[in-house]
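Here is the structure we will look at.
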Amino acid sequence: MIDLPPYPPLDPSNYYLIVVGTGVSESVSAAAASSSGSSVLHLDPNPFYGSHFASLSLPDLTSFLHSNSVSPHPPPPSSPPILPSNSHELISVDLVHRSLYSSVEISSFDSEILEEHSRRFNVDLCGPRVVFCADESINLMLKSGANNYVEFKSIDASFVGDSSGELRNVPDSRAAIFKSKSLTLLEKNLLMKFFKLVQSQLAESDDTTTTTVKISEEDMESPFVDFLAKMRLPPNIKSIILYAIAMLDYDQDNMETCRHLLKTKEGIDRLALYIKSMGRFSNALGALIYPIYGQGELPQAFCRRAAVKGCIYVLRMPITALLLDKETGDYKGVRLASGQEIFSQKLILDPCINVGLESLSSLTDQQNETLRVLVPKAMINKEKIARGICVIRGSVKSDISNALIVYPPKSLFPEQLTAIRVLQLGSGVAVCPADMHVLYFSILCENDDQGIKALLSAMSNLIRLPVPESDSSVENDTCEAKPLLLWRALYVQELVKGEFGGTISSMPSADGSLNYKETVESAVKVSKAI
Amino acid sequence: MHGRPRKAASKPAEEASKDDTLKLRSLQSQFMSNHHQKIYTQEAIQLSAKLLENNPEAYTAWNYRKLAVEDNLSRIDDSDPSLVNSILNEELEVVAKTLRKNLKSYGAWYHRKWVLSKGHSSFEKELQLLNNYQTLDLRNFHAWNYRSFVVELTKTSEQDELQYTTDMINDSFSNYSAWHNRSLLLSSLVAKMADGFMPKETIRREFDYVHNAIFTDEGDQSAWFYYLWLLDQTVKLETPLRTSSWPSNGSIIILSGPGCFTGSSSKFTTFCSESGSFPLILYFDQAVSGVNSSTVTVDSELKGHEDLVWEPVSDNNSQVFSCVWVARLEFDSTEPCSRTENKVKVSLGKSPGIVSSRGCNISTPYEFIFTVHIHDTVGVSQEGIVSWTGGGFDNWDAQSKDLNSLISLNHLNADTGFEWRKKTIKMEIECFRDLPDSKFGKLILARLLMAEETLISDDAGKGIHYKEILQLYNDLMALDSSHDQYYKDELSVALLHKVTSSTESLSRHLFRYRNMNNIVCLRLNNLTLSRMAAVEKLLFVQMLDLSHNELHSADGLETMQLLCCLNLSHNRIRSFSALGSLRLLKQLSVLDVSHNNIAGKHPVDTTRYLCSSPLSNSDETGREVPSKYWDAYLVLGDLMKLKQLDIRGNDLIAGEEFSSLVRQVVPKLVWLDGHKLAS
């Protein structure tokens, strides 16, 4: 970014809203603001759209992760953090870049082949991630017209895995329950009855003839896991519902480690999303869909929508400082890396843009208050997400290309506290060459080692690591069927919460969930407030 | 496609449809004139296509097109196949277009079949087209029918088609058409003894498959029907069996002429006949045809058995197939030959000919022997009133052994094929005991237990399930009150099977009526019966008391050919039509239908008759019968031997008008409503 060609100065230099970063939340906000007629400037320091939601080629992904990871050496001491602005009523506060990623480890096992195809990969930074057909993000796309720029394909199947390596189909529909070979007849009966109960519960709101059985208020407030037990669902079905359909992370049976115990009401909502997704689009097989060319297409679609409505886009343009009113401490504008000062009423920032702690001490209280949302806070709950990406030759399940695999808590090893989700994607969604697949792994964790350990465990369950010739004979029999690993990335990402601060808002980082529910919700909230 | 409410047409839509109607009318009249003048020009043919696109049901237009095709084909040079192809392709095109308008046009599907039978079209293309239609509407039976037609033409293997039904069912197991097609394919494969399709393994496999559907969604009817079909295949033998007869094997009967028989032996069945003949009754477990003097041979010293006429006892119009067949053997009562015992040997099945409606021959040859005593007639024929209440009944005093010789309660020969059937039913019972709280589980369980009862052949095991079955039906009535009547019927069936399951339980209901030669009387009153069943075990009954039950009709009683006295009082019979089956009881002389709801309000369903009155075909057209009595007239008119009739307590048919009609219709009547008629 040092060799940036000089930019011509931006004109105009006054906007209602400046958005920095082109992640999903930022792009949705930019699209919302520009379609309501406000003038918007949308900046991104990177040469591509999407920020932490981008889909990149393997070399680009590698360099992005490395440059955004916690650097071992401290940044070179910069000029004094607080300088007067060009205009003397303002002061400028320098911004610091916060690294979201740690423990980045990237290994290639067959560089030759990967290099040959290097530009045919579109690998997500925020994987594994899919979209539910009935997702709020889909509604938003349809409403905003962003759907014109993206095409989706359905995820063909979802599975539940365990330490044995066997993948069992998730019985998520009537037909799937009927076909399932892993459920007993009685389990089929209980599960379908439960689904019917959920459906009648959903129908309740539209239907005034309340002849259907309703779940009592008391049950709605009780933990979902208790309610499932009350419905006489056996443990294996409970686990399928909790982790492979409601997509929960924490072990609901373990009170000590569970950070989020789901209530029945929330559980029913999550099932409702799944059930509504099943039948929403006639050409989607199941509940889940994935954008062709990768998740990076989604923020881009919103950006295009925003551009159509008059939003101005500048990539490769970091901002270096904020401009505040000297007297009142109010936010006034930003200084670009090019040196130009741009003014706006509101500002929305990428989660990695912070104010340096040392600058705060010399500011007035009002100024500090303005910058409140940009102060890096000590992490209250040290929740992180470990992500892994594998490029493999072959598929983890023959005949199936796009699939979701869930390892419920404790299913791989006794200390596994949270669910591991794995998403396999193939050339059908244009993310890799024809005979390969990209696998995404994720797990919530408290520290890097714990997360990486869990990821490696899930990987070895599905994938054959290239081993030196001498060892290969030993494990040959058992590993023969598993696909071969070609490339692997492991990294741990911090989970940063977004914050709305009146004039300045900070957006959240990519969260640990499978879809965009929370991401989009926060963007919608911020947009409404603005 | 199914279960969608019809929306009322909006105003503009109504206007549009009026316009369409006018256009259609003009098209129609143009077309008809072309048709009458046999104009088969290109233009005329196109007109018919236009008409069909608007109205796929215009059958005349389809026929016209067939004629046009024939006409065009006759004109062109046969040696050029491309011309023929283009003509026939045009037809397929039109069919495809009309099907787009209406998927269920009979004419269009039939026309396509007609084109294909000319040896045209690629079958690949046909199956492709069908796949499209079947995705549009999974249960389109036209498409399924057409599919089986194409499959037959292409000689696609039935195994492949079976896989196709599996795929369709896996997509949605509510697809009744797919299940139905599956049952047809399996029947054919099993009948052919195809590799891997022996009955035992096929049925087991299919049970396992359909379990998935029933357990996943126990309310799904499609899976239900298929299950019941499978159950039927398990219990029912392919080949018909003779299950009972009267007289039964080893029994002794006493015959006498009209009047009173003074013999004292109450051990035996006595049978009085005015006509000097007695019926020989055969009961089969399936409707059969071909029962005649060449398939059934009768050897006895009695005369007149050479050319026995066998008649089916059947209420419906198909006179060819029936479960019950009767022949009348003559005897001479004026020349008593009590010195001898007349052995009668009946054998059937030795020569083929008795076949079921599915074309299966009776399984094994069978013969039975009974003994006939002919007794002198003493005294005059009895004219006293038969009273159901008084003390004229003696308890069944005989040993149950005697009853054994009277009737054959166990009829199934222990066939080698039975073991796997029993085992299968046992496994099914185990399986459905796991679905205890659901009505479907209960109902299937009840049916399975009934099925197991019919398969048990040893005396010790018989009857063990009835208590549970009755409980299940009682539970069901409480659980699902909207199908109350159905459960009640099934309960009655189970109850009657229970009563007839052993000689011991049956004898509790048996009596002798003193005033009438000690004939056997079966009293099944006050049992809340709503339906008759197990009649094949009751062929010997001559007097039957079904009073104080909940019967809606007399259906089933026609099998009991020996019946001469019948009490149906205090039931729920609503019309004489419901008594129609009694017309087949040639011996009936005493009938009590008092205190029912018989009303003139429900006359004969005249839509069933082409003529204005059901009586206009009979000989006595001169008689003036009010239409509200037509059904009574039809039923009573056939009861030639009726001497005693009680119709009190039926509001709407009381009165002098009806009484006089009865007297006219039944000339032999002596007692009406408890009063002796002046002769």
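Per chain, numbering begins at 1; letters A, B, ... match sequence-line order. Given the structure is predicted, the values throughout are model-derived calculations rather than measurements.
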Worksheet item: B:Asn212 and A:Leu185: side-chain contact (heavy atoms from CB on, under 4.5 Å), yes or no, with the steps?
Response: CA-CA 6 Å; B:Asn212 287 317; A:Leu185 290 176; 3.6 Å; yes

Worksheet item: Is A:Met192 close to B:Phe215 at the side-chain level, that is, under 4.5 Å between some pair of heavy atoms?
Response: no

Worksheet item: So, do B:Glu218 and A:Lys193 sit near enough that their side-chain heavy atoms are less than 4.5 Å apart?
Response: yes

Fill in: Spacing of CD1 belonging to B:Ile169 relative to NZ belonging to A:Lys179, to within rounding of 0.5 Å
12.0 Å

Above 12 or not: heavy atoms from other molecules or residues under 6.0 Å from [atom1] of [X]?
X	atom1	result
A:Asp399	CG	no
A:Lys276	NZ	no
B:Gln221	CD	no
B:Arg205	CZ	yes

